[in-house]
Amino acid sequence: MENSARNKLIALMAHALFLTCAGALFMFCGSSGRYFEKLKNSVFITAYTECRSEADLAAVKNRIAAISGVKHIVILTENEVFAALEGALAKKDILLSIKDIEIPSILKIYPGTLNYERFGKIAEQINALAEIKSSDTGGNAVKKLFVFASDFKKAVRFITALLILSALASAAAAFVSMKYLSEKFQFLAERNVPRRDIVFKYAAEITLIPLSSLIISILILLAFYQTTGGNTMVFFTYPRTLLLLLLASLPSAVRLIKSV
Amino acid sequence: MKLLIKAENLWLENSRAVVFKNVHAEIKQRDFVWLEGAGGSGKSLLMRTLAGRLKPSKGRLLSYTAVPLCTPQAALLENESVKNNIKALLREKEDTTFAMAELMKSMRLFDLRNIPAKTLSGNQRQMLKLATFLALEDEILLFDDPLAALDNENRIRFIQAAEKKHAMGTAMLISSTLPCPAACPAGTRHLLLKDGKLSEE
């Protein structure tokens, strides 16, 4: 294979590797963020109150919202609880037997962070409120979920660091792979070839290598997404695709600006 | 004849001394100029000044065209073949095969055409460097000390190739520590840079 063809192939491979690493980093960050958000939304404190009027419930809600670490609160009135039970129970006639029992209103309190200590403190403060009859934190199962979330967060940080490192290393490789183009630019510039002619001469090379490597990396990531994606993984958004295109054209653009 | 470069009262000073002073020179189309000077006389700095790469301390330089300057430090496409080094400078639209083959033959590079530049000897590298400048289609070409790294046979080869280019209408300005060789074309102008002063013989 001729040197120039080999150089182009190496540059294409280095760019594709760089973009795949950068794309994987974007996907992983997006997906783990989404996963943590889902996890956060599945953990809440249930508080029971005998307040029934809308004004009373709103007052309780405001008092709970003032506790630090509380993200948001959802109120379920007695009727809503009853309707929910009606929808969930297989034997609806059970409801007839408990019709005389007063069902308390329920408040679902979602924490802002996945920190078990903080979660416990919020629960204690809620329990201390006079309007709250009792509260439920989910017990041991929720505690285990917090431990899992904490371990998972560490793993996410480690994988993110690895992906950043590999993206940086492959970016350096992509930059080095364009050295041959830099030599050509310098060679022509030294011989007084006008800048415009140099850019025109290598325009195809400057644009095609980043573009085709971007397509290759998107196809690789798409294949990965299709096989392991599920509901949690997120693929590229338009801004991220544009950012990748920008990153793809960076090595050749820097070479061009530096040399010409 | 079209005026390509006009130097009016050029001075160049560095931190230690005056490199050259009161330089007046005109280079016109179809000129073949030999600039002679001893080592350290300021030839290279004068060449760089005339090519517009160095700003003179005093005086005025008028360039009416682009001025490529071949210096000993000029780069090659090290990983590319001899042929590709020359081809990179030729216009792609035209059929340049014949011109390229002629140039390579005249510079004794034809047999080496498929060899990467990085594997050439010092002599061959210098011939290739010179060939890449002779391949340009500019109105004037400046060569700074092109003979230094060449053996006698290749020096004559280069002068002949430069003469051929000159016959096609390109003006030449060649600097050297050596006196003007007999191989130079008739009508060659001979300039001498000595003690910072430029004189025409």
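Atom NZ of A:Lys40 has more than 12 heavy atoms from other residues, nucleotides or ligands within 6.0 Å. Other residues, nucleotides and ligands place more than 12 heavy atoms under 6.0 Å from the CD atom of B:Glu200.
Of the two parts of B:Leu136, only the side chain, counted from C-beta on, holds a non-hydrogen atom closer than 4.5 Å to a non-hydrogen atom of chain A.
In this structure, the side chains of A:Phe187 and B:Leu89 come closer than 4.5 Å at one or more pairs of heavy atoms. Using a 4.5 Å heavy-atom threshold, the side chains of B:Glu80 and A:Asn7 count as touching.
Distance CG/B:Asn79 to NZ/A:Lys179: 8.5 Å, rounded to 0.5 Å. How far CG of A:Asn192 is from CD1 of B:Ile140: 11.0 Å, rounded to the nearest 0.5 Å.
Side-chain atoms of A:Glu190 come within 3.5 Å of backbone atoms of B:Ala75 as a donor-acceptor pair (strictly under, hydrogens ignored). Judged purely by atom type and a 3.5 angstrom limit, A:Lys201 uses its side chain to pair as donor or acceptor with the backbone of B:Ala88.
Taking chain A as the reference chain and counting heavy-atom pairs below 4.5 Å, the highest number among B:Asn85, B:Thr71, B:Asn114 is found for B:Asn85. Of all the listed residues (B:Leu69, B:Leu141, B:Thr132, B:Val67), the one sharing the greatest number of non-hydrogen pairs under 4.5 Å with chain A is B:Thr132.
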